[in-house]
Number of protein chains: 2
Amino acid sequence: MNIRIDKKERNFQVLSHIIDLYVSTAIPVSSKSVTRKMDNTISSATVRNIMTELEDSGYIEQPHTSAGRIPTDSGYRHYVDFLKGRLWLKKREIERLAGEYTDRIKSIKDVIEKTSFLISRELHYAGVVMWPNIGSLYLKHLELVKIKAETVLAVLITMTNAVKNYIVKMNRDIGETELEKVANFVNMNYEGTGISRISTCLKDIVEAGADGTVLRVAGPAREIIDSVVEMDIENDIYCEGLDFFTGEPEFRDPDMTRHMLQIFSSRKEIGALMQKELPHKGVRVYIGKENKFSVFRECSIVTAGYELYGKPTGRIGVIGPTRMDYCNVLRTVSYLSELISSKLEELY
Amino acid sequence: MNIRIDKKERNFQVLSHIIDLYVSTAIPVSSKSVTRKMDNTISSATVRNIMTELEDSGYIEQPHTSAGRIPTDSGYRHYVDFLKGRLWLKKREIERLAGEYTDRIKSIKDVIEKTSFLISRELHYAGVVMWPNIGSLYLKHLELVKIKAETVLAVLITMTNAVKNYIVKMNRDIGETELEKVANFVNMNYEGTGISRISTCLKDIVEAGADGTVLRVAGPAREIIDSVVEMDIENDIYCEGLDFFTGEPEFRDPDMTRHMLQIFSSRKEIGALMQKELPHKGVRVYIGKENKFSVFRECSIVTAGYELYGKPTGRIGVIGPTRMDYCNVLRTVSYLSELISSKLEELY
DNA sequence: ATTTAGCACTCTCCGGGCCTGAGTGCTAAA
DNA sequence: TTTAGCACTCAGGCCCGGAGAGTGCTAAAT
């Protein structure tokens, strides 16, 4: 008699194998191929029995009678939930990935681009990276330039040397010398402070009704900083790797392809999704119909947050078909998100 | 007897009809459908005779015996060359397109984005727009900020209110006060001057060996301006409208699709092409194999230059399948390029 | 010299029928 | 509880044959 294994455990094992096989071949998985994968420690008939159980539980389904089984969304979900606990990367992998960043990564932009590139290269799906939220960045220097009446160009340099500029419409005309005072005021008092922090500080000052001279600079300063934060919610999203799709069998289906292209051109939805996820720390997975946005109903999204000074500031992610190598994706995305955090920290 | 028409002219007429029909249906064109299109003023047999002539000339071909004819690259070329002379848009169309720009188009960026959007919406192909070359823009204001030793942030505001920033590595460390002098020097002397012009002026000054005080500011100024011009050759390219492709029948073919995606992700090639075309004024068309870059061998590119202050500064264009509605595309692109010129002029 | 009608020929595009192979479900035995 | 065996199902490949669309050619008409 064989060593006794928990029935649940073995059922799950079979499910994993089905998913593995289906992910790599895109062909419905037969009972026989599972037994082969298990080194014939179990007969195909037994696998078939297990399969009917898995089917009853809704984890797998048959595209048609007398075909193999394919995982359902909830099958993947089951698998992913199990996986989430035990994610680790081989040391060599870690070193390899970390090594990719050494070269000439000097700015946030470089990190973003590199990461997006790595995601798509390593995983062969579309890589998506969200810029750090301006609010959670720390100010190094503010420069104000008058462009024309009531219009000011604000150039922010963050501690991470990212340069961002915004054209701000003021509600009154401000002279150049006054503008300089405003910039000086901010630079003197708030160098190294988080930008959303600056916003609340200025609010306090203005509302506390400080004396005239301070108010004359704090008022416009607040106006500018708040506009900047406001404008930045058009969260820059960086996408790459659409062409990798071409390899996948899903690509044979024109409808699917069309779908994927639509997804890619709807950055707004991607941005919104990422934004909503921002507070959640770890890796998060949306599989097929779990997605609220209907565009994503036919694909899966894996995202992970990265941090700066210990605060969640952005996310990276992967968009691909539901038939996705979750194991690899979860591992890589999870690791890259940590890596990006440390690289950003390092840059400062 | 019919009114006698020049034989050449009528052959061309048939070619046009073949192209028209093929463009709209993507089905090989039969002799009968041509007669129908000509209101039966000519019999199908005659058309067939003409067709063999056209085939001998290499303008059309048969995908297989006993199928209709489809235009070849050189067939399209012939047609396009003829078309080029007589491009005009209906007044109503012109007004409609011009009207699209009225709203809140305030910056170059807005114009670029709007145009790209219009191209893809009007023509249902991918729209591509190249940013104005920094060299051909006119300086309104230069701001210099020291970031760290030997590293300066240069913010350029152009007469068109475009803001561009560049991080410039200097070959020696320059103090903040000195930097301010440099910026002042440039702003005093060159406000309203073309940036490439500034570059040559500074070169003259430095090489003429001016006296010490001038040289101390002109030297770094030159270094900065030149770096900026240098950096800008990564010509920003704006693309939009990939998803419109999904409608086209070419999309059924996975190979074709893959191809199109590759094209889209190879912005570098698109940029290079546009850059090379920059000096040429009017509309230019590349059809299929005429394209040097092998990626584009299966599609057509139509570009037209736009101007600023009478000088060619950028290009707009369309990328689509060789089976493209050239008549419409040429008209629209040509008109939009004029429109973009005048809008930019207006903005200043 | 052109144009047209007529006819034979070619080739693609279905749809149906047949067969094969893979895979399952069920049952009875181990 | 597992397994072997067997009957059943169904997609996919293949061949065939007819229909339809289109051409090329030739001979007659203009």
Side-chain angles (χ1 to χ4, degrees), chain A residues 1-15 17-18 21-22 25-57 59-72 75 249 252-253, chain B residues 1-15 17-18 21-22 25-57 59-72 75 249 252-253:
Chain A
M1 198 203 287
N2 288 329
I3 301 155
R4 191 156 288 282
I5 305 179
D6 183 16
K7 183 180 164 183
K8 241 183 174 174
E9 171 126 1
R10 207 190 42 183
N11 280 13
F12 182 79
Q13 210 182 334
V14 170
L15 177 61
H17 282 130
I18 292 173
L21 286 165
Y22 186 65
T25 62
I27 298 167
V29 180
S30 73
S31 51
K32 215 172 191 177
S33 58
V34 174
T35 57
R36 254 199 306 273
K37 189 141 201 209
M38 297 178 84
D39 298 324
N40 298 308
T41 53
I42 198 176
S43 86
S44 66
T46 315
V47 173
R48 280 203 288 282
N49 289 332
I50 297 173
M51 274 173 155
T52 42
E53 281 181 49
L54 288 172
E55 190 162 12
D56 289 342
S57 315
Y59 295 146
I60 56 177
E61 65 186 355
Q62 279 183 298
H64 55 260
T65 349
S66 88
R69 306 302 213 287
I70 60 176
T72 62
R252 309 242 120 230
D253 176 12
Chain B
M1 196 204 288
N2 287 329
I3 301 156
R4 188 156 288 284
I5 305 178
D6 184 15
K7 184 178 162 186
K8 240 182 174 173
E9 171 126 2
R10 206 190 45 183
N11 281 14
F12 182 79
Q13 210 181 331
V14 170
L15 177 60
H17 282 130
I18 292 173
L21 286 165
Y22 186 65
T25 63
I27 299 167
V29 180
S30 72
S31 51
K32 216 173 189 175
S33 59
V34 173
T35 57
R36 255 199 306 276
K37 189 140 200 209
M38 298 177 84
D39 298 323
N40 297 310
T41 52
I42 198 177
S43 86
S44 68
T46 315
V47 172
R48 279 205 289 282
N49 288 333
I50 296 173
M51 275 173 153
T52 42
E53 281 181 50
L54 288 172
E55 190 162 13
D56 289 343
S57 315
Y59 294 146
I60 57 178
E61 64 185 356
Q62 280 182 298
H64 55 260
T65 348
S66 89
R69 305 300 213 287
I70 60 176
T72 61
R252 309 241 121 230
D253 175 12

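Computed from a predicted model, the values in this text were never measured in an experiment. Chain identifiers are assigned alphabetically (A, B, ...) following the order of the sequence lines, protein sequences preceding nucleic acid strands; residue numbering begins at 1 within each chain.
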Rounded distance (Å) that lies between atom P of dT3(C) and atom CD of Glu53(B): 10 Å
Per Ser31(B) side chain, nearest of listed nucleotides dT23(D), dG5(D), dA4(D): dT23(D)
Sugar-phosphate, base or nothing in reach of Ser44(B), heavy atoms under 4.0 Å: nothing
Phosphate-side-chain proximity, Arg10(A) and dT2(D), N/O vs OP1/OP2 below 4.0 Å: yes
Minimum-distance nucleotide (side-chain atoms of Thr46(B) versus dT23(D), dT3(D), dT3(C)): dT3(C)
Integer-rounded Å distance: dT4(C) P and Ile42(B) CD1: 7 Å
Opposite nucleotide pairing with dG17(D), Watson-Crick or G-U, both atom distances under 3.5 Å: dC14(C)
Whole angstrom value for the distance that separates C1' of dA21(D) from CZ of Arg36(B): 11 Å
Taking every non-hydrogen atom, the tightest pair across Glu55(B) and Gln62(B): OE2-N, 3.7 Å
Between P of dG24(D) and NZ of Lys32(B), the distance in whole Å: 16 Å
Flag, side chain of Ser57(A) to backbone of Tyr59(A), donor-acceptor distance under 3.5 Å: no
Residue Thr65(B), side-chain heavy atoms: nucleotide from dC11(C), dG24(D), dT3(C) that is nearest: dC11(C)
Where Ile18(B) and Val29(B) come nearest, the two heavy atoms and their spacing: O-CG2, 3.5 Å
Candidates dT2(D), dT23(D), dT24(C) - which lies nearest the side chain of Met51(A): dT24(C)
Nearest-Å distance for atom pair CD1/C1', residues Ile27(B) and dA21(D): 12 Å
Heavy atoms from other residues, nucleotides or ligands near NZ of Lys37(A) exceed 12 (cutoff 6.0 Å): yes
Identified pairing partner of dT23(D), criterion: Watson-Crick or G-U wobble below 3.5 Å: dA8(C)
Length of the line joining Ile18(A):CD1 and dT24(C):C1', which is rounded to integer Å: 13 Å
Given dT4(C), dC11(C), dT24(C), the nucleotide with the shortest approach to the side chain of Ser66(B): dC11(C)
Val34(A) to Val14(A) - nearest heavy-atom pair and separation: CG1-CG1, 4.3 Å
Ala45(A) side-chain proximity, nearest of dT4(C), dA4(D), dC25(D): dA4(D)
Atom pair distance, as rounded to whole Å: CD1 in Ile60(A) and P in dG25(C): 9 Å
Shortest side-chain distance from Gln62(A), nucleotide among dT4(C), dG24(D), dT24(C): dT24(C)
Euclidean distance, atom NE2 of residue His64(B) to atom P of dT12(C) [Å, nearest integer]: 5 Å
Under-4.0 Å side-chain N/O to phosphate OP1/OP2 contact, Arg69(A) with dG25(C): yes
